[in-house]
2 protein chains.
Amino acid sequence: MSSAQPNTRTRILQSTLELLEASGGKSVRMSDIARHAGISRQALYLHFTKRSELLIAATHYLDEMKESDQRLLPSREAVSGAERLNVYIEAWGNYIPEIYGVAKALIAMGDNDREANEAWEKRMLDMRQGCLAAISALADDDQLTVEFSIDQATDILWTMLSVRNWEQFTLQCGWSQSEYVKRMQSLASQLFVRK
Amino acid sequence: MSSAQPNTRTRILQSTLELLEASGGKSVRMSDIARHAGISRQALYLHFTKRSELLIAATHYLDEMKESDQRLLPSREAVSGAERLNVYIEAWGNYIPEIYGVAKALIAMGDNDREANEAWEKRMLDMRQGCLAAISALADDDQLTVEFSIDQATDILWTMLSVRNWEQFTLQCGWSQSEYVKRMQSLASQLFVRK
DNA sequence: ACTTTGCTTGACACGATGTCAATTGACAAA
DNA sequence: TTTGTCAATTGACATCGTGTCAAGCAAAGT
């Protein structure tokens with residue numbers, strides 16, 4: 001099905017993602033992307049008016065590729081709130097490394113570019129919904145610790161699971177990806193699940 | 001003692017801090033700083049060879065002004081490990097808003113500038129020492145939860161208390177500064193202090 | 001009087017983004 | 001075959017921010 005000659009727009013998006021992934025979030029220039037995609041720098045601007053637009057489109061494209069919607073949907077098999085929390089943390093936690101490159105570039109742009117900032121914030125609010133759902137499931141099961149309101153617990157889980165924190169735990173502290181997931185699950189369970 | 005006409009270097013540093021604080025981490029240009037300090041843009045480069053050098057100097061200057069060393073030193077009155085942890089969180093937590101402007105600028109620079117990156121990382125490693133000390137005090141008192149090794153607990157506390165997380169809790173989640181401190185204390189105590 | 005110090009003015013190079021105009025080559029429709 | 005259109009190319013150019021350079025000036029120190 002997928003063609004040997006994907007259309008230019010797609011090639012650009014793929015190149016963008018490859019370069020961002022490879023360079024671990026370092027600044028990738030428009031000219032780099034163009035060269036990698038085998039087109040002129042100017043041709044980029046025929047498809048995307050600004051760098052921010054390209055980055056935003058690249059994140060959407062990545063979502064499509066990885067079918068993130070499905071992955072981040074609450075698992076049907078998760079029977080208890082506690083189990084569901086674990087499933088969510090695992091799904092999201094393992095998604096982070098795959099989006100890290102684009103994410104970092106988008107965050108960096110956000111400091112100067114309003115649209116990039118809004119795009120990233122929107123994404124993060126979506127992800128907050130996932131946290132809220134997990135915490136709510138816990139509350140419905142009467143398993144949520146008394147210390148927190150649903151909102152507070154959601155805020156905390158949301159922040160705990162931020163890309164920045166993943167970056168710090170893995171890249172700075174040297175945790176492996178599987179350690180990261182396991183420990184975040186354990187942390188969340190200690191904090192939020194009543195014993 | 002302090003003169004009516006502080007020397008130019010100092011005026012530059014003050015201007016830098018004022019502007020960074022005012023603009024909440026938004027990009028402040030060299031020319032902005034020069035204008036605010038009442039000198040020419042070029043004069044900046046007579047005192048600091050690069051923007052990163054200026055930012056780094058500004059953070060050091062800020063430390064001096066706020067006497068951060070003393071503030072972040074473990075309180076002598078803290079008798080138990082648990083109490084000492086609370087004291088540390090309060091001290092650091094209340095320090096963050098004061099350094100937020102420069103911190104954010106320095107972090108942003110770090111993406112492109114090696115020296116800025118190293119400066120910020122060094123700062124963060126210093127702060128990790130504070131976390132380690134607090135956790136160690138807990139362990140010495142036999143109050144540290146069994147779930148974590150000292151290193152792991154330090155990593156977690158360190159990350160919990162990051163500037164980025166403060167930013168998210170206060171600016172995104174809307175927690176007040178005092179709520180922030182109280183809740184971080186409560187979180188830390190739930191996670192690390194054995195009951 | 002002379003020199004040094006601290007700053008000014010103005011010009012300029014560089015790197016990256018973003019814009020514009022003229023051109024080419026291919027493919028399709030008449 | 002001609003005509004038109006589409007996608008991309010080439011090359012020039014504007015803009016912004018950083019950083020450099022040279023010449024000059026004015027006040028202070030000796």
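Lettering follows sequence order; numbering is per chain, from 1. Every value quoted in this text rests on a predicted model; they were computed, and no experiment measured them.
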Side chain of [X] (C-beta onward), nearest among [options]:
| X | options | answer |
| --- | --- | --- |
| B/Ser40 | C/dT9, D/dT18, C/dT17 | C/dT9 |
| B/Leu46 | C/dT8, D/dA8, D/dT10 | C/dT8 |
| A/Gln42 | D/dT18, D/dA12, C/dG18 | D/dA12 |
| A/Ala43 | C/dG18, D/dT18, D/dA8 | D/dA8 |

Can you check the [X] [atom1] to [N] [atom2] distance for me, whole Å?
| X | N | atom1 | atom2 | answer |
| --- | --- | --- | --- | --- |
| B/Arg29 | D/dG19 | CZ | C1' | 16 Å |
| B/Asn112 | D/dG17 | CG | C1' | 13 Å |
| B/Met109 | D/dG17 | CE | P | 14 Å |
| A/Tyr45 | D/dT9 | OH | P | 14 Å |
| A/Asp113 | D/dC16 | CG | P | 16 Å |
| B/Glu53 | D/dG19 | CD | C1' | 13 Å |
| A/Asn7 | D/dC6 | CG | P | 16 Å |
| A/Arg9 | D/dA7 | CZ | P | 13 Å |

inquiry  = Closer than 3.5 angstrom, by distance alone: can the side chain of B/Glu121 be matched with the main-chain N or O of B/Glu118 as a donor-acceptor pair?
reply    =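 No, because the side chain of B/Glu121 does not come within donor-acceptor range (under 3.5 Å) of the backbone of B/Glu118.
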Donor-acceptor pair, side chain of A/Thr145 and main chain of A/Leu191, under 3.5 angstrom =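 Present.
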Assign [X] to base, sugar-phosphate, or nothing according to its heavy-atom contacts below 4.0 angstrom with the strands shown.
| X | answer |
| --- | --- |
| B/Arg41 | base |
| B/Ile39 | sugar-phosphate |
| B/Ser27 | nothing |

inquiry  = Just checking A/Glu21: does its CD atom have more than 12 heavy atoms from other residues, nucleotides or ligands closer to it than 6.0 angstrom?
reply    =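 Open.
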ask   = For D/dA8, does either OP1 or OP2 sit under 4.0 Å from a side-chain N or O belonging to A/His47?
value =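 True: A/His47 side-chain N/O within range (under 4.0 Å) of D/dA8 OP1/OP2.
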Modelled atom types, side-chain donor and acceptor of B/Gln168 and B/Trp175, under 3.5 Å =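 The criterion, which ignores hydrogens and geometry beyond distance, is not satisfied for B/Trp175 and B/Gln168.
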key: Shared hydrophobic cluster, B/Val28 / B/Tyr45 (ILVMFWY, side-chain heavy atoms < 4.5 Å)   =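 Linked, B/Val28 and B/Tyr45 end up in one cluster.
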